[in-house]
There are 2 protein chains.
Amino acid sequence: MSQPLLRRCMRDQIRDRLLERILEGTYAPGHRFVELDLAAEFQVSQSPVREALRELEVMGAVDSLRYKGTRVRSPNPVEMAEAYALRAILEQRSAELAVPCPPAVLDSLRADLVALHEAARDRDVARYSRHAFNFHRSIVVQSGNHLFLEIWENVQTRARLPFVAQHLSAELASCAADHDPILVALEKGEGASAGRLLRTFMESLLAKLPR
Amino acid sequence: MSQPLLRRCMRDQIRDRLLERILEGTYAPGHRFVELDLAAEFQVSQSPVREALRELEVMGAVDSLRYKGTRVRSPNPVEMAEAYALRAILEQRSAELAVPCPPAVLDSLRADLVALHEAARDRDVARYSRHAFNFHRSIVVQSGNHLFLEIWENVQTRARLPFVAQHLSAELASCAADHDPILVALEKGEGASAGRLLRTFMESLLAKLPR
DNA sequence: TGACGATTGATTATCGATAATCCATAATCT
DNA sequence: AGATTATGGATTATCGATAATCAATCGTCA
């Protein structure tokens with residue numbers, strides 16, 4: 001088993017590795033990146049590191065100040081609220097476009113929903129986050145609009161699902177339950193209804209966010 | 001009163017200049033950027049040019065292939081349709097959030113609308129594009145959601161307004177007329193109605209797009 | 001002729017070094 | 001002391017040069 005590293009250019013590999021670590025929480029919000037330190041770690045020069053950081057900046061994962069460095073963005077309450085407002089309309093419209101859902105997609109949604117309830121019962125925040133992510137993402141994928149998906153994924157770096165799930169850990173069960181009628185509506189092919197439910201759910205989440 | 005230009009780093013200035021030119025059509029779709037040529041033009045080295053191009057790539061304005069260069073993305077019919085589908089929901093929701101509109105904002109919308117009709121009468125596609133851009137953008141700004149605005153602007157690089165305006169040059173007058181009731185609704189504070197009109201307009205545009 | 005591989009010119013990706021700037025702290029002045 | 005201005009170390013922004021890769025060309029041989 002070797003490093004699959006040399007297939008793509010350094011810049012891309014570094015960007016992906018850093019993003020991975022940011023989303024996992026390996027680098028806490030506020031963490032400062034020092035370009036030459038990263039260069040040393042990845043055994044490259046400063047240039048590819050810089051370019052990777054620039055891309056992460058446009059993606060909204062980090063924040064750069066001229067001559068003052070690059071830091072992992074903190075989950076800002078206002079920004080998180082904005083992200084959820086965007087998810088609300090994006091997922092509402094996706095559900096409308098997603099019907100009729102092929103059986104395979106419904107199966108996969110069902111599986112995530114089951115896992116969601118289990119995770120909520122076990123207070124397993126990480127597992128909950130993962131399956132909530134999958135559930136909602138699948139609906140956006142099913143919209144067939146690639147741009148929707150790209151934007152939705154981009155917004156995830158701001159929505160900080162694991163962070164929110166942690167914050168709501170006491171109410172995971174009720175959040176999970178909110179997903180049941182969404183799936184039912186999709187099974188019935190009632191896209192508009194599923195969309196309204198998704199939107200309502202997202203807005204209720206928004207109301208519970210830290211401020 | 002002096003130019004604040006030297007305050008910002010080269011990379012940012014170059015990125016903005018290139019994006020400007022791409023959106024204006026100075027660089028046609030498919031145009032190939034040669035990093036050292038740009039470096040010579042802007043009197044800088046290759047590095048800031050590269051970083052600017054990387055940012056434009058994440059923004060979706062250009063396309064890069066490893067060792068094969070960076071090109072201005074062509075307006076792909078599918079992608080444009082997706083962009084308009086996104087604008088539709090984004091602007092609909094923005095209008096809902098935008099009311100009540102302060103008088104100053106309504107004034108500026110009125111000014112753009114007047115200019116829009118004039119441009120349509122004169123078949124001045126560039127002017128039409130500019131004011132249509134302003135009109136719609138103002139509504140998104142007025143939503144108060146910064147993320148909406150960021151995404152909306154990002155999508156503009158894909159929606160290629162000038163390109164679409166050119167394509168619809170025969171119908172500019174009727175497109176301009178479609179904007180009148182939107183402004184009326186905003187003036188009355190009827191956000192939901194303005195939103196529906198915007199969405200309908202956007203979807204009618206979508207139907208007229210080249211395929 | 002025409003498929004194939006080597007050669008070369010052009011361009012990107014990366015490097016190592018330098019200039020510009022920031023921050024904290026020391027030195028200076030009032 | 002308190003405020004203000006140098007100074008030094010750390011880090012980013014940019015530079016100029018090199019390595020890696022690609023695309024087109026051309027010569028070779030079946």
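Chain letters run A, B, ... following the sequence lines, proteins first and then strands; every chain starts at 1.
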Task: Minimum heavy-atom distance between A:L113 and A:A176, given as atom pair plus value - done: CD1-O, 4.1 Å
Acceptor/donor pairs from residues 163-174 of chain B side chains to any protein atom, 3.5 angstrom cut, sequence neighbours excluded:
residue	atom	partner	partner atom	Å
B:H167	NE2	B:K208	O	3.3
B:S169	OG	B:Q166	O	3.1
B:S174	OG	B:E171	O	3.4

TODO: Find which nucleotide of DNA chain C each of A:Q43 and B:K68 is nearest to by heavy atoms, and output the residue with the more 5' nucleotide.
DONE: B:K68
Open item on the list: Using whole Å, what does the distance between atom C1' of nucleotide C:dA10 and atom CZ of B:F33 come to?
Closed with: 18 Å
Task: Heavy-atom contact window of chain B on DNA chain D, given 5' to 3' at under 4.0 Å - done: D:dA13 to D:dA23
TODO: Provide the closest heavy-atom pair for A:L186 versus A:A95 in the form atom of the first, atom of the second, distance.
DONE: CD2-O, 4.3 Å
TODO: Would you please classify the geometry between the B:F33 ring and the B:H31 ring as parallel, tilted or perpendicular, with 30° and 60° separating the classes?
DONE: perpendicular
- [ ] Would you please classify the geometry between the A:F201 ring and the A:H136 ring as parallel, tilted or perpendicular, with 30° and 60° separating the classes?
- [x] parallel
Open item on the list: Categorize A:R50 for me: base, sugar-phosphate, or nothing, with a 4.0 angstrom heavy-atom threshold over every strand shown.
Closed with: base
TODO: Round to the nearest Å and state the distance from B:Q46 atom CD to C:dT11 atom P.
DONE: 11 Å
Open item on the list: Is a donor from one side chain sitting under 3.5 angstrom from an acceptor on the other, for A:R71 and A:S64?
Closed with: no
